[in-house]
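Only this structure's heavy atoms are used, side chains among them; waters, hydrogens and symmetry mates stay out. All figures in this text were calculated on a predicted structure; none of them were measured in a lab. For this chain, numbers begin at 1 and follow the sequence in order.
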Amino acid sequence: MTSHRELRNLFATFSLNAADATFLGRSQNSVFSCPGPTGDRRIVRVTAGRYRSESEIEAELEWITFLADQGLRVCRPVRSRNGRLCEEATIDDMNCLAACFEQAPGRAITREDLTPGLYKNLGRLVGQMHAASGD
């Protein structure tokens, strides 16, 4: 997928080189890891088709930015060169929406990680999200 000119252009809007990207997987989105312009790692999430609207994705990204601004340890969205949180492109004749995030340090969760401690930490994060929202 990184050989497509459209995908290269889409990555470039986030100051990234698609040739350096590693494909991580696909479910409702295609997800890539890529070196950022300052040596950090970035995640690029490309939504093909219209599973979600652009305004829904922008609202999600604004919420994540709000949480980061409140001090929660979340992967902050990265704006494109155009100052946008979400960019649109046509790839393989499909309308795609892309978002870029700071990549979290660490590794993927394995079955061995599924312990009460993990769920306790997830519960703590959900509590922090609720507290940040003022509810």
**OP:** Calculate, to the nearest 0.5 Å, the distance between atoms CD and CG belonging to Glu62 and Leu67 respectively.
**Re:** 12.0 Å
Original post:
What distance do Asn82 atom CG and Phe14 atom CZ have between them, rounded to the nearest 0.5 Å?
Top reply: 8.5 Å
Original post:
How long is the gap from CD on Glu56 to CD on Glu58, to the nearest 0.5 Å?
Top reply: 11.0 Å
Original post:
Looking only at heavy atoms, what is the nearest atom pair of Val78 and Glu102, with distance?
Top reply: CG2-N, 3.8 Å
Original post:
Hey, mind stepping through Arg52 and Glu60 against side-chain contact (heavy atoms from CB on, under 4.5 Å) and telling me if it holds?
Top reply: CA-CA 11 Å; Arg52 295 171 48 208; Glu60 170 205 1; 2.6 Å; yes
Subject >> Side chain proximity check, Ile57 to Thr47, heavy atoms < 4.5 angstrom >> reply: yes
Original post:
Taking atom CZ of Phe23 and atom OG of Ser30, what is their separation to the nearest 0.5 Å?
Top reply: 5.0 Å
Subject >> Ser27 side-chain N/O to Asn29 backbone N/O, donor-acceptor pair under 3.5 Å >> reply: no
Original post:
Between Met94 and Ile91, is any pair of side-chain heavy atoms under 4.5 Å apart?
Top reply: no
Original post:
How far apart are the closest heavy atoms of Thr22 and Arg41, and which atoms are they?
Top reply: OG1-NH2, 4.5 Å
Original post:
Do Ser33 and Gln103 have a side chain donor and acceptor closer than 3.5 Å?
Top reply: yes
**OP:** Answer whether the closest heavy-atom distance between the side chains of Leu10 and Glu87 falls below 4.5 Å.
**Re:** yes
Subject >> Basic-acidic side-chain contact under 4.0 Å: Glu54, Arg84 >> reply: yes
Subject >> Heavy-atom closest contact (Asp113 atom, Thr110 atom, distance) >> reply: OD2-N, 2.8 Å
Original post:
For the atom pair CG (Leu97) and CG (Leu85), what is the distance rounded to the nearest 0.5 Å?
Top reply: 12.5 Å
**OP:** Taking all non-hydrogen atoms of both residues into account, name the closest pair between Leu16 and Gly36 and its distance.
**Re:** CD2-CA, 3.7 Å
Original post:
Going hydrophobic residue to hydrophobic residue with side-chain gaps under 4.5 angstrom, can you get from Ile109 over to Tyr119?
Top reply: yes
**OP:** Using atom types as modelled and distance alone, determine if a side-chain donor or acceptor of Thr90 lies under 3.5 Å from a backbone N or O of Asp93.
**Re:** no
Original post:
Does CG in Leu122 sit with more than 12 non-hydrogen atoms of other residues, nucleotides or ligands closer than 6.0 Å?
Top reply: yes
Original post:
Closest heavy-atom contact between Arg45 and Phe101?
Top reply: NH1-CZ, 3.9 Å
**OP:** Check whether the side chains of Thr13 and Arg81 place a donor and an acceptor atom closer than 3.5 Å, and report yes or no.
**Re:** no
Original post:
Once you round to the nearest 0.5 Å, how far does NE2 of His4 lie from SG of Cys96?
Top reply: 10.0 Å
Subject >> Check: Asn17 side chain, Ala19 main-chain N or O, donor-acceptor pair, under 3.5 Å >> reply: yes
Subject >> For the student: nearest non-hydrogen atoms of Arg76 and Asp69, plus distance >> reply: NH1-OD1, 2.9 Å
**OP:** Indicate yes or no: at least one non-hydrogen side-chain atom of Leu72 is less than 4.5 angstrom from one of Leu125.
**Re:** yes
Subject >> Residue pair Glu88 / Asn95, side-chain heavy-atom distance below 4.5 Å >> reply: yes
Subject >> Side chain proximity check, Phe32 to Val46, heavy atoms < 4.5 angstrom >> reply: yes
